[in-house]
Amino acid sequence: MEKYRWSEEIFDDLRSNIIAALDLSREQNDEEVCRFIEKEVEEYSRKNLLTLKEREQLEHLLFNSLRKYDAIQELLEDPEVTEIMINGASRIFYEKKGKLFRAQTHFSSEQKLGDVIQQMAGNSNRMVNEASPIVDTRLADGSRVNIVLSPISIDGAAVSIRKFPQTPILMEDLIRIESITEEAAAFLKVLVMAGYNIFISGGTGSGKTTFLNALSQYIPREERIITIEDSAELRLVDKPNLVRLETRNQMFEGVKPITIRDLIRTALRMRPERIVVGECREEALDMLQAMNTGHDGSLSTGHANSCRDMMSRLETMVLMGMELPLTAIRSQIASGLDILVHLGRMRDKSRKVLTITEVTGMQEGEIVLKDLYRYVEKPSDGETVCGELQRVGTLFNQEKCKRAGITL
């Protein structure tokens, strides 16, 4: 805290005095804690002649330290910050408008960082300790959190926080920021309403979860939707018949972990009309079987560098769960998936839909893909990427549109 007039030692003393004054035998609300903070800061200010602004700063920092997430609270409250990376107590980085910066603040000690980590994990009923040093969790606002404790993380505990906007991003917002064209969005809307099984692929940070959330808004309001996620991040608006399922780690002995695979199997018994899986991994076979047993309109995401690469990864993920002939796996994929949407993060840090591809079937043992839309980049003088998602083909399988009474 070198940028303030008080040292870390003084800050820690003030914090300790406040904790000592609190009645720990009962739950204290925020207003009560604020009163103790104001009293302690007022006494310190009289001796050290703090300005009104400095007093407010000190009170804010003490409150964050006692009730919130200490050194990163201001970053969490900044709507322009999209990612926060903690590399041990003394090094905090954040992403803002696509660029990385080092934060001026830091945690006073590894112990304080450890307290914040336990607070993050505890808020979503996760446990992180030496026995389970790697944990995925979420904050109350839906921000995704990954925690790796020392000594697995050699230089101190590592925490990565992926923030999401307070207001869910809709397809209209993606059109406005030119992530997708209005024509392509209208095309996908028809496919979602008609019940096509759609898989969204892309690299890390390409916007898969955001796009999945936007696409889910096209699901008819009256349908029953089951969402399945490692950490609940999707925020579907105006969907009254919605059930949200989340995995559970083995927090301690005797508590059975609940995996995405378990949740998919359970969801099939819950009369779903749509199953939305946040990210598909080794449970790919269960997802494909759901798509192949009458659960049309399912949505999911996966990490890949292209649509063709996503097919290869799905094959690998199915093999991780069960040994099957490659031909059988490809047949399951070709009959279960209808559409692939591939996203990418461009060199100017913008996120765009790069291809919309149809899975048309199998030919000579290979899955046949057909591009319907493809992003074509135009020459540009500056760093900003210019281009357009252009239509390059027509939908081959229109059977679901006909059954739904929708004309393309």
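None of these values were measured; they are calculated from a predicted model.
- Checked by atom type and distance alone, the side chain of Ser216 pairs as donor or acceptor with a backbone atom of Leu212 at under 3.5 Å.
- One finds the CE atom of Met346 at 5.0 Å from the OH atom of Tyr375 (value rounded to the nearest 0.5 Å).
- Judged purely by atom type and a 3.5 angstrom limit, Lys352 has no side-chain atom pairing as donor or acceptor with the backbone of Ser206.
- Of the possible donor and acceptor atoms, one in the side chain of Glu246 sits under 3.5 Å from a partner among the backbone N and O of Ala232.
- A side-chain N or O of Thr209 and one of Arg144 form a donor-acceptor pair less than 3.5 Å apart.
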>> Go through it in stages, so that I can follow the logic: the residues are Asp238 and Arg221, the test is side-chain contact (heavy atoms from CB on, under 4.5 Å), and I'd like the CA-CA distance, side-chain angles, deciding distance and then a yes or no.
In response: CA-CA 7 Å; Asp238 194 29; Arg221 185 177 183 273; 2.8 Å; yes
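- For the 3.5 Å distance criterion, the side chains of Asp262 and Thr259 qualify, holding a donor opposite an acceptor.
- Residues Glu229 and Leu234 have side chains in contact (heavy-atom distance under 4.5 Å, counting atoms from C-beta outward).
- For Arg126 (side chain) and Asp136 (main-chain N/O), a donor-acceptor pair under 3.5 Å exists by modelled atom type.
- Side-chain contact between Thr394 and Lys370 is present, with at least one heavy-atom pair separated by less than 4.5 Å.
- If you check the side chains of Gln73 and His60, you find no donor sitting under 3.5 Å from an acceptor.
- Surrounding CD of Glu178 are at most 12 heavy atoms belonging to other residues, nucleotides or ligands under 6.0 Å away.
- In plain terms, the two heavy atoms of Gln217 and Leu170 that are nearest each other are CG-CD2, 3.7 Å.
- Residues Val277 and Ile275 form a side-chain contact, since some pair of their non-hydrogen atoms from C-beta on lies under 4.5 Å apart.
- Within 6.0 Å of CZ on Phe101 lie more than 12 heavy atoms contributed by other residues, nucleotides or ligands.
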>> Let's go through Asn213 and Leu236 carefully: what are the C-alpha distance in whole Å and the side-chain angles of both, what is the deciding distance for side-chain contact (heavy atoms from CB on, under 4.5 Å) to 0.1 Å, and is it a yes or a no?
In response: CA-CA 7 Å; Asn213 200 84; Leu236 276 61; 3.9 Å; yes
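- Other residues, nucleotides and ligands place more than 12 heavy atoms under 6.0 Å from the CD atom of Glu222.
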>> Between Asp286 and Ile260, does the side-chain contact (heavy atoms from CB on, under 4.5 Å) criterion hold? Intermediate values first, please.
In response: CA-CA 9 Å; Asp286 301 270; Ile260 284 186; over 6 Å; no
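- With a 4.5 Å cut-off on side-chain heavy atoms, Met120 and Tyr69 count as touching.
- Between the side chain of Arg224 and the backbone N or O of Met270 there is at least one donor-acceptor pair closer than 3.5 Å.
- By the 6.0 Å contact criterion, CD on Glu182 is open, its count of non-hydrogen atoms from other residues, nucleotides or ligands being 12 or less.
- Atoms CD and CG, from Glu77 and Asp141 in turn, are 10.5 Å apart once rounded to the nearest 0.5 Å.
- Under the 4.0 Å criterion applied to side-chain N and carboxylate O atoms, Glu273 and Arg271 are assigned as salt-bridge partners.
- Using modelled atom types, one finds no donor on one side chain facing an acceptor on the other under 3.5 Å when comparing Asp348 with Thr384.
- Across all their heavy atoms, Thr247 and Leu263 have their closest contact at N-CD1, 3.7 Å.
- Remark: Glu223 CD to Leu242 CG distance equals 12.5 Å, nearest 0.5 Å.
- The backbone N or O of Ile175 lies less than 3.5 Å from no partner atom in the side chain of Ser179, so there is not a single donor-acceptor pair.
- Ion pairing of Asp230 with Arg138 is absent here, as no side-chain N (NZ or NE/NH1/NH2) approaches a carboxylate O to less than 4.0 Å.
- Annotation: the span from Phe36 atom CZ to Leu62 atom CG amounts to 14.0 Å, rounded to 0.5 Å.
- Contact annotation: the side chain of Val243 never approaches that of Ile225 to less than 4.5 Å [non-hydrogen atoms, C-beta and beyond].
- Using a 4.5 Å heavy-atom threshold, the side chains of Ile356 and Ile339 count as touching.
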>> I'd like to know whether Arg162 forms a side chain to side chain donor-acceptor pair (under 3.5 Å) with Thr82, so could you lay out the CA-CA distance, the side-chain angles of the two residues, the decisive distance to 0.1 Å, and finally the verdict.
In response: CA-CA 6 Å; Arg162 174 77 57 80; Thr82 53; over 6 Å; no
>> Apply side chain to side chain donor-acceptor pair (under 3.5 Å) to residues Asn146 and Ser160 and explain how you reach the verdict.
In response: CA-CA 5 Å; Asn146 173 262; Ser160 304; 4.8 Å; no
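- Asn292 places a side-chain N or O within 3.5 Å of a backbone atom of Gln332 that can act as its donor or acceptor partner.
- In plain terms, the two heavy atoms of Gly88 and Leu113 that are nearest each other are C-CD2, 3.7 Å.
- The shortest distance between side-chain heavy atoms of Ile264 and Ile228 falls below 4.5 Å.
- We find that Lys208 and Glu279 are not joined by a salt bridge, their nearest charged nitrogen and carboxylate oxygen being 4.0 Å or further apart.
- Listed here is the closest heavy atom pair of Met127 and Val135: O-CG2, 3.2 Å.
- A side-chain contact (heavy atoms from CB on, under 4.5 Å) with Asp338 holds for exactly one of Met291, Glu399, Lys400, Glu358; it is Lys400.
- Around the CZ atom of Arg235, the shell of radius 6.0 Å holds more than 12 heavy atoms that belong to other residues, nucleotides or ligands.
- One finds a salt bridge joining Arg330 and Glu366 here, because a Lys/Arg side-chain nitrogen approaches an Asp/Glu carboxylate oxygen to under 4.0 Å.
- Remark: Lys189 NZ is loosely packed, at most 12 non-hydrogen atoms of other residues, nucleotides or ligands lying under 6.0 Å away.
- At a threshold of 4.5 Å between non-hydrogen side-chain atoms, the residues Glu315 and Ile333 count as touching.
- The closest donor-acceptor contact from the side chain of Asp173 to the backbone of Ile169 lies at 3.5 Å or more, if one exists at all.
- Closest non-hydrogen pair, Val128 versus Ala121, comes out as CG1-CB, 3.8 Å.
- Heavy-atom contacts from other residues, nucleotides or ligands closer than 6.0 Å to CD1 of Ile154 number 12 or fewer.
- Residue Glu95 is tested with Lys349, Lys163, Arg102, Arg345 for a salt bridge (Lys or Arg N to Asp or Glu O under 4.0 Å); the sole match is Arg345.
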>> Checking Thr355 against Asp371 for the side chain to side chain donor-acceptor pair (under 3.5 Å) test, could you report, in this order, the C-alpha distance in whole Å, the side-chain angles of both residues, the deciding distance, and whether it holds?
In response: CA-CA 7 Å; Thr355 55; Asp371 285 351; 5.2 Å; no
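- With Glu59 contributing its side chain and Glu56 its backbone, the two residues share no donor-acceptor pair below 3.5 Å.
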> For Arg274 and Asp296, what are the C-alpha separation, side-chain angles and deciding distance, and is it a side-chain contact (heavy atoms from CB on, under 4.5 Å)?
Replying inline: CA-CA 7 Å; Arg274 307 275 181 149; Asp296 288 336; over 6 Å; no
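- Checked by atom type and distance alone, the side chain of Ser153 never pairs as donor or acceptor with a backbone atom of Leu149 at under 3.5 Å.
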For residues 191-203, run the donor-acceptor check on the side chains, cut-off 3.5 Å, and write out each pair with its distance to 0.1 Å, sequence neighbours left out.
residue : atom : partner : partner atom : Å
Tyr196  : OH   : Asn397  : O            : 2.7
Asn197  : OD1  : Gly297  : N            : 2.9
Asn197  : OD1  : Ser298  : N            : 2.9
Asn197  : ND2  : Gly336  : O            : 2.8
Ser201  : OG   : His342  : ND1          : 2.8

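- Residues Tyr373 and Glu183 bring a donor and an acceptor atom of their side chains to less than 3.5 Å of each other.
- Across every non-hydrogen atom of Cys307 and Thr357, the tightest pair is SG-OG1, 3.5 Å.
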